[in-house]
Protein chains: 4
Amino acid sequence: METNYDKILKATIELMCNNGYHGTSIQMIADNVGITKSTVFHHFKNKETILLSILDEYVPSATEGLKKIVNDSSLSGVEKLKRFILHHMKLVGAQGDIINLNLRESRYFGDKNRQIYEESQRVYARLVRGIVVQIQDEENTIFKGLNPKVVANAIQGMCNWSVLWYEKEGELDMDGIARQFYQILTCGISEAFLKQKSESKLSV
Amino acid sequence: METNYDKILKATIELMCNNGYHGTSIQMIADNVGITKSTVFHHFKNKETILLSILDEYVPSATEGLKKIVNDSSLSGVEKLKRFILHHMKLVGAQGDIINLNLRESRYFGDKNRQIYEESQRVYARLVRGIVVQIQDEENTIFKGLNPKVVANAIQGMCNWSVLWYEKEGELDMDGIARQFYQILTCGISEAFLKQKSESKLSV
Amino acid sequence: METNYDKILKATIELMCNNGYHGTSIQMIADNVGITKSTVFHHFKNKETILLSILDEYVPSATEGLKKIVNDSSLSGVEKLKRFILHHMKLVGAQGDIINLNLRESRYFGDKNRQIYEESQRVYARLVRGIVVQIQDEENTIFKGLNPKVVANAIQGMCNWSVLWYEKEGELDMDGIARQFYQILTCGISEAFLKQKSESKLSV
Amino acid sequence: METNYDKILKATIELMCNNGYHGTSIQMIADNVGITKSTVFHHFKNKETILLSILDEYVPSATEGLKKIVNDSSLSGVEKLKRFILHHMKLVGAQGDIINLNLRESRYFGDKNRQIYEESQRVYARLVRGIVVQIQDEENTIFKGLNPKVVANAIQGMCNWSVLWYEKEGELDMDGIARQFYQILTCGISEAFLKQKSESKLSV
DNA sequence: AATGAATGAGGCTTCATTCAT
DNA sequence: AATGAATGAAGCCTCATTCAT
């Protein structure tokens with residue numbers, strides 16, 4: 001059975017995605033769940049803690065996934081980029097709402113928690129930058145002569161921005177979007193990947 | 001002399017960028033300017049109007065600039081892309097705060113105004129998409145076989161995301177960032193542009 | 001072993017002394033003891049009952065002590081005054097916190113209990129007034145021509161006020177303070193008492 | 001015309017005297033005045049500030065009065081004591097409610113203001129102690145051999161306690177109570193004062 | 001004996017806004 | 001042009017208490 005605790009988290013994700021942190025009141029959350037304000041405070045010390053609980057469940061696992069890709073020394077930089085985009089866009093597809101919260105609302109945390117979350121975002125950014133640097137080392141044509149920081153931010157912007165326009169029930173699927181992003185960045189240099197990818201899709 | 005009207009706009013930009021629409025109160029604005037709440041309402045009918053006035057001054061001119069580029073039939077698609085990025089990133093550099101507001105806080109408008117702003121964003125997006133389509137028509141290697149909508153969103157994400165990480169006093173200048181974005185998207189296919197650009201810089 | 005029941009009483013005394021009745025919440029009490037709110041209600045019907053239990057244990061015994069002194073027909077009024085002060089100040093020293101509660105927080109009782117406690121304070125006051133009257137009857141110089149009610153209140157004020165300034169670990173001991181109070185009131189008329197008292201101290 | 005500001009102060013004095021600081025809600029104050037909660041906050045930043053404003057108006061003037069007496073080098077210690085008691089008891093009669101607040105509720109201030117008020121009470125206490133010491137220097141029989149701190153506290157207790165039992169409309173007048181307090185402390189040594197005092201009363 | 005879940009009432013405070021001056 | 005007074009609505013949160021386990 002779904003507990004009120006879980007229902008509160010779920011309702012908060014939805015509401016804060018639509019209305020933002022400050023635009024979502026405890027009353028709205030309570031109404032959405034069908035309980036009283038008091039009950040919300042029975043489960044969570046305060047409003048910030050609700051958002052914190054949501055992000056605490058998501059952020060570490062997202063970073064873990066990326067770390068695994070980056071630290072796999074058997075992979076080429078390009079391969080890592082490909083996997084990162086697939087990994088990241090899959091998250092956007094599956095947990096777009098939470099990513100949305102992480103990107104937009106974590107800045108409303110109090111000092112302590114905000115620093116934690118800004119740090120976690122810096123960590124994530126640093127991992128992406130690592131991929132870019134490796135590609136620049138290995139490849140001759142891709143990202144050549146460019147500032148890794150700029151490139152990494154460009155990649156992340158391209159991917160993260162999708163939380164604003166991607167429609168779950170729309171015509172585009174996340175896998176397809178990810179592959180297109182990859183192609184934009186690598187300019188079709190390894191089109192083999194695209195074919196291989198769509199074949200492998202059959203076997204899943 | 002700077003009028004209170006202007007001071008209110010300026011203070012609101014700063015405060016809403018840091019705290020969001022709901023996180024910025026009329027009292028905060030008044031304090032920041034050094035006037036009373038009442039005076040704020042003397043100049044603006046209500047809170048929403050303040051944000052509206054800020055965006056109304058910025059958005060049309062931004063769209064105008066883009067329209068000029070897109071409608072110039074003497075330009076190739078690639079050239080339009082180059083100019084769009086330069087144009088857009090210059091805006092981010094000069095008016096990053098306002099773009100920030102436009103992207104993040106316009107969703108808090110009431111129904112009527114929100115629709116207006118969503119429409120203006122759709123217009124902007126359509127213009128960008130037009131550039132992508134033109135490039136696909138003209139070029140053989142760039143954006144080949146990709147969904148124009150995805151590409152346009154990727155470009156806009158790459159660019160807009162910079163409002164979150166670009167530091168005005170930092171080491172990177174907007175011109176440089178714009179050129180790197182262009183290169184990422186075109187994979188250095190027209191490196192001539194980069195050279196030409198840095199030369200032209202001397203003559204300006 | 002100290003039961004939770006006792007721990008709750010102890011914590012409540014401390015907390016209410018520092019924060020007052022309204023300033024002390026069940027949550028604070030529970031936290032202070034290291035149990036849950038529910039457990040507090042398991043032991044006490046409601047908040048008022050906790051305070052009631054504390055005072056019910058103390059007040060009757062205090063009154064009893066005073067009654068014994070007053071009703072001992074073998075004692076002179078001055079002797080009764082001396083003993084009352086010693087008795088009362090010893091209570092302040094040993095149970096200052098509870099006296100504090102009795103004096104300051106009993107007014108927050110509900111109607112019924114408040115009346116009980118106000119009555120108990122009237123009883124106490126009447127006993128003290130009895131001592132004053134007896135002194136006026138027996139002595140020529142002490143309290144002569146004064147209103148017994150005023151004198152009794154003066155004595156009680158002098159004594160009770162000490163809960164606000166007496167420091168348990170300070171330089172002054174309650175016995176000494178009591179003797180000085182006695183001397184102030186009797187103006188050293190029976191200094192013999194003081195000598196006798198300090199000698200008797202050796203034999204105790 | 002009496003402003004809402006003043007009405008709020010007046011209502012707060014009465015309510016907090018009866019119900020204490022924590023027992024008095026802003027709603028109660030608003031109701032008592034006949035305004036809304038919001039209006040209370042229009043005039044006072046927060047609840048604490050209301051109490052602060054009340055005490056800030058009273059405390060300094062009370063201390064000033066005492067200082068004048070103590071610093072008048074033409075007066076004997078006994079005369080100062082007499083005047084102090086009259087001064088202090090007159091305050092109790094006229095502003096008993098505020099003294100009550102000062103003594104009982106100032107402890108609920110936040111750290112900063114509490115320290116200010118505790119210091120102001122220490123100052124007051126020190127002045128009283130000064131009188132006691134002067135008497136011990138000048139007189140042979142009064143307060144002889146006693147700890148000045150204890151005596152000063154005894155005097156203050158005797159006087160302050162009266163806020164709890166003095167009834168404005170009762171049979172006793174403050175002048176009479178003050179004179180009786182004086183006689184208790186000095187044991188009728190200067191009965192002349194009492195006569196003189198009651199005569200002077202005629203001429204007023 | 002002890003606790004977790006739940007809640008209605010209320011507490012302090014902020015907010016956007018109106019009105020009279 | 002600017003402000004002080006006033007307010008209704010709402011916001012976050014605490015409180016004492018009940019109930020089922």
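We name chains A, B, ... by the order of the sequence lines, and we start the count at 1 in each one.
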Find the distance A:K47:NZ to F:dT14:C1' and express it as a whole number of Å.
-> 17 Å

Name the closest nucleotide to the B:S38 side chain, picking from F:dT17, F:dA2, E:dT18.
-> E:dT18

For C:D31 and C:Q27, does a side-chain donor sit closer than 3.5 Å to a side-chain acceptor?
-> yes

Would you mind classifying the nucleic acid contact of A:T49 as base, sugar-phosphate or nothing, using non-hydrogen atoms under 4.0 angstrom?
-> nothing

Can we say A:R107 and A:E118 salt-bridge, meaning some charged N sits less than 4.0 Å from an Asp/Glu carboxylate O?
-> no

Reckon D:N4 has a side-chain N or O less than 4.0 Å from the OP1 or OP2 of F:dA6?
-> yes

Check every atom of E:dA1, F:dG8, F:dG4 against the side chain of D:H42 and return the nucleotide holding the closest atom.
-> F:dG4

To the nearest angstrom, how far is B:I8 atom CD1 from F:dA2 atom C1'?
-> 11 Å

Value in whole Å for how far the C1' atom of F:dT7 lies from CD of D:Q27 = 13 Å

Under 4.0 angstrom, heavy atoms only, what part of the nucleic acid is C:T3 near: base, sugar-phosphate, or nothing?
-> nothing

If you find the nucleotide of DNA chain F closest to C:E48 and the one closest to B:V40, which residue's nucleotide is nearer the 5' end?
-> B:V40

Within this structure, what is the CG-to-C1' distance between C:D31 and F:dC15, rounded to whole angstrom?
-> 13 Å

Most 5' of C:K37 and D:I26 on DNA chain E, judged by nearest nucleotide | C:K37

Between D:N113 and D:Y108, do the side chains contain an N or O donor and an N or O acceptor separated by less than 3.5 Å?
-> no

Check every strand shown and say whether A:S25 touches a base, only sugar-phosphate, or nothing at a heavy-atom separation below 4.0 Å.
-> sugar-phosphate

To the nearest Å, how far apart are A:H43 NE2 and F:dC13 P?
-> 16 Å

On DNA chain F, check which nucleotide each of A:F41 and D:I35 is closest to and give me the residue with the more 5' one.
-> D:I35

Send over the distance from A:D6 CG to E:dA5 P, rounded to a whole Å.
-> 12 Å

Please state whether the base of F:dG4 and the side chain of B:T36 form at least one donor-acceptor pair under 3.5 Å?
-> no

Regarding A:T49 and A:N46, is there a side-chain donor-to-acceptor distance under 3.5 Å anywhere?
-> yes

Atom pair CD1/CD1 of A:I13 and A:I8 - distance to nearest 0.5 Å = 12.0 Å

Under 3.5 Å on both distances, the Watson-Crick or G-U partner of F:dT21 = E:dA2

Mind checking who E:dC15 pairs with, Watson-Crick or G-U wobble, both distances under 3.5 Å?
-> F:dG8

Euclidean distance, atom CD1 of residue D:I50 to atom P of E:dG11 [Å, nearest integer] | 14 Å

Gap between atoms CZ and C1', on D:F44 and F:dA6 respectively (whole Å) | 15 Å

Under 3.5 Å, is there a donor-acceptor pair linking the side chains of B:N102 and B:Y124?
-> no

Quick one: on DNA chain E, does D:K45 or B:K45 contact a more 5' nucleotide (nearest heavy atom)?
-> D:K45

